[in-house]
Student: 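Got a structure for you, questions after.
Throughout, residue positions are numbered sequentially from 1 according to the sequence presented.
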Amino acid sequence: MISGIIMATVVIGCVGLFVGLFLGIAAIKFRVEVNPKEEEVLNALPGNNCGGCGFAGCSGLAHAIAEGEANVNGCPVGGEAVSAVIAQIMGVEAQAGEKMVAYVKCQGDCDKTRQDYEYSGNEDCAMLAFVPNGGPKSCNYGCLGYGNCVKACAFDAIHVVNGVAVVDSDKCKACGKCIEACPKHLIEMVPYKAKYLVACSSKDKGPVVMKACDTGCIGCQLCAKNCPAEAITVTDFCAAIDYSKCVDCGTCVEKCPKKAIQYKGNAVDETNK
């Protein structure tokens, strides 16, 4: 009886020793060499794993930077401070990049837009794609106001105010999660310093827009015709600003009859406060 126990113990010990040696040899033989700079870069990154950089989390970006496949300022969350640290690790100059923030191209709140019917169901923006006209609001391009973007934001930078999502540009880290979450594709990245913003995404013709919303873009082209820098174009009855050309003159705001273009320091920022 005792000899059997001893024998079993010896066998198990030998098997354990063999497995340990085998795994140790395999670990050495098949070891993947990791660039030491990759680990340093990974430690410098904020660790949000938001994917806003376009890679699969912080480890993916760290690997790409270490291999020279991504810029040192590739992390939108870390900003200039993290970029400077990573640039020092990689032995290169920090590349200055313009800060971008998310912006919801809609101001059709409960006071400005009309509804076709009362909706009482699952309060999920994506689910409203299956209800008549894509939601109760008369404008089929407007913010649904049920906050899928709010749920997606890890930085508490976006909230629904009076039926429309509004981004706090000082909290936004430009991770892009809200853009992915919006089924209406209303959110885009704009320069943080941009002073004038088109607060509409409607592609309907003017008469249709005016029936649905008090402040929708009607495609009249007055903004484009009067812009001295030719920074505004109107496509599919909706204006768009080229910020690389915009000279911040404010003519577009003055000429817009529906106030679809807003001065950032006015209506948009006041909502954020």
Side-chain angles (χ1 to χ4, degrees), residues 45-54 58 73-83 96-113 123-126 128 135 137 139 141-202 213-217 239-241 243 246 248 250 252-253 256 259-273:
L45 291 170
N48 293 88
N49 292 309
C50 62
C53 57
C58 293
N73 63 346
C75 177
V77 176
E80 293 183 7
V82 170
S83 297
E98 185 171 21
K99 181 181 178 181
M100 304 293 284
V101 292
Y103 175 66
V104 182
K105 299 183 293 179
C106 178
Q107 56 178 337
D109 59 25
C110 298
D111 300 324
K112 299 184 182 72
T113 190
E123 295 188 351
D124 181 276
C125 298
L128 263 70
K137 287 185 177 180
C139 177
Y141 297 92
C143 177
L144 296 167
Y146 291 117
N148 284 35
C149 52
V150 176
K151 298 167 191 171
C153 181
F155 307 99
D156 192 37
I158 186 165
H159 299 92
V160 175
V161 180
N162 198 23
V164 172
V166 179
V167 177
D168 184 335
S169 56
D170 290 322
K171 289 184 178 180
C172 179
K173 302 298 183 183
C175 70
K177 290 296 182 181
C178 56
I179 294 176
E180 296 174 10
C182 180
K184 293 283 189 177
H185 309 294
L186 297 176
I187 308 176
E188 68 177 11
M189 290 295 167
V190 299
Y192 175 79
K193 294 180 180 179
K195 292 183 179 180
Y196 302 97
L197 302 162
V198 179
C200 183
S201 298
S202 177
C213 180
D214 294 333
T215 56
C217 179
I241 299 174
Y243 293 104
C246 181
D248 297 331
C252 54
V253 174
C256 180
K259 304 305 177 187
I261 302 178
Q262 291 287 332
Y263 173 55
K264 186 179 178 182
N266 186 10
V268 176
D269 273 8
E270 285 300 319
T271 309
N272 285 338
K273 290 180 181 179

Student: Could you check whether any side-chain N or O of Asn49 sits under 3.5 Å from a backbone N or O of Cys58, counting only pairs where one atom can act as donor and the other as acceptor?
Tutor: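 Yes, the answer is positive, given that a donor and an acceptor are paired below the 3.5 Å cut-off.
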Student: Taking side chain to side chain contact (heavy atoms under 4.5 Å, CB included) as the criterion, tell me which of Asn148, Leu144, Ile187 meets it with Cys182.
Tutor: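 Between Cys182 and the candidates, side chain to side chain contact (heavy atoms under 4.5 Å, CB included) is satisfied uniquely by Ile187.
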Student: With a 4.0 Å cut-off on N to O distance, would you call Glu188 and Lys105 a salt bridge?
Tutor: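 Salt bridge flag = yes for Lys105 with Glu188.
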Student: Can you name the closest pair of heavy atoms from Ile179 and Met189 and give their distance?
Tutor: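 So the minimum-distance heavy-atom pair works out to CD1-CE, 3.8 Å.
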Student: Might you point out which heavy atoms bring Gln107 and Gln262 nearest each other, and give the distance in Å?
Tutor: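 Closest approach of Gln107 to Gln262, heavy atoms only: OE1-NE2, 3.3 Å.
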Student: Considering non-hydrogen atoms only, spot the tightest contact between Ala165 and Ile158 and give its length.
Tutor: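 That would be CB-CD1, 4.1 Å.
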Student: Heavy-atom distance under 4.5 Å between the side chains of Tyr243 and Leu197, does that happen here?
Tutor: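 When only atoms from C-beta onward are counted, Leu197 and Tyr243 do touch, with a gap below 4.5 Å.
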Student: Let me see the working for Val166 and Val104 under side chain to side chain contact (heavy atoms under 4.5 Å, CB included), right down to the final yes or no.
Tutor: CA-CA 6 Å; Val166 179; Val104 182; over 6 Å; no
Student: Looking only at atom types and distance, does a side-chain atom of Lys137 sit under 3.5 Å from a main-chain N or O of Gly108, one as donor and one as acceptor?
Tutor: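 Present.
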Student: Just checking, Lys264 and Tyr192: is the charged tip under 6.0 Å from the six-membered ring centre and within 45° of the axis?
Tutor: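 The answer is yes, since Lys264 meets both limits relative to Tyr192.
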Student: Provide the closest heavy-atom pair for Tyr103 versus Ala199 in the form atom of the first, atom of the second, distance.
Tutor: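 Residues Tyr103 and Ala199, closest heavy atoms: OH-CB, 3.2 Å.
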Student: Under the ring-ring contact (aromatic ring centres under 6.0 Å, His included) test, which residues partner Tyr196, sequence neighbours left out?
Tutor: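 Tyr196 satisfies ring-ring contact (aromatic ring centres under 6.0 Å, His included) with Tyr263 once adjacent residues are dropped.
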Student: Is any side-chain heavy atom of Asn48 closer than 4.5 Å to one of Cys175?
Tutor: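 They are not in contact (no side-chain heavy atoms under 4.5 Å apart), so the answer is no.
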Student: Over all heavy atoms of both residues, which pair between Ala181 and Pro183 is shortest? Give the atoms and the distance, please.
Tutor: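 Looks like O-CD, 3.2 Å.
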Student: Roughly how far, to the nearest 0.5 Å, is the NZ atom of Lys259 from the SG atom of Cys200?
Tutor: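 Nearest 0.5 Å value for the SG-NZ distance: 15.0 Å.
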Student: So how far is it from Lys195 NZ to Cys252 SG, rounded to the nearest 0.5 Å?
Tutor: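 Reported value, rounded in 0.5 Å steps: 12.0 Å.
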Student: Got Asp248 and Lys193 here, is their nearest side-chain heavy-atom distance under 4.5 Å?
Tutor: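 They are not in contact (no side-chain heavy atoms under 4.5 Å apart), so the answer is no.
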Student: Determine the minimum heavy-atom distance between Pro191 and Glu98, stating which atoms define it.
Tutor: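 Between these two residues, the closest heavy atoms are CB-OE2, 3.2 Å.
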Student: Calculate, to the nearest 0.5 Å, the distance between atoms CD1 and SG belonging to Ile261 and Cys256 respectively.
Tutor: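 Taking CD1 in Ile261 and SG in Cys256, the distance rounds to 5.0 Å.
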Student: Quick one: does Val101's side chain get under 4.5 Å of Val190's, heavy atoms only?
Tutor: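 Val101 reaches Val190 side chain to side chain.
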Student: Quick one: CD on Glu80 to SG on Cys75, what's the gap to the nearest 0.5 Å?
Tutor: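 Separation between the atoms: 12.5 Å.
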Student: Got Val77 and Phe155 here, is their nearest side-chain heavy-atom distance under 4.5 Å?
Tutor: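 Result yes, sub-4.5 Å side-chain heavy-atom pair found.
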Student: Just verifying a value: how many Å separate Lys151 NZ and Cys178 SG, rounded to the nearest 0.5 Å?
Tutor: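 Interatomic distance, Lys151 NZ to Cys178 SG, rounded to 0.5 Å: 14.5 Å.
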Student: What distance do Ser202 atom OG and Leu186 atom CG have between them, rounded to the nearest 0.5 Å?
Tutor: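 So the gap between those two atoms works out to 10.5 Å.
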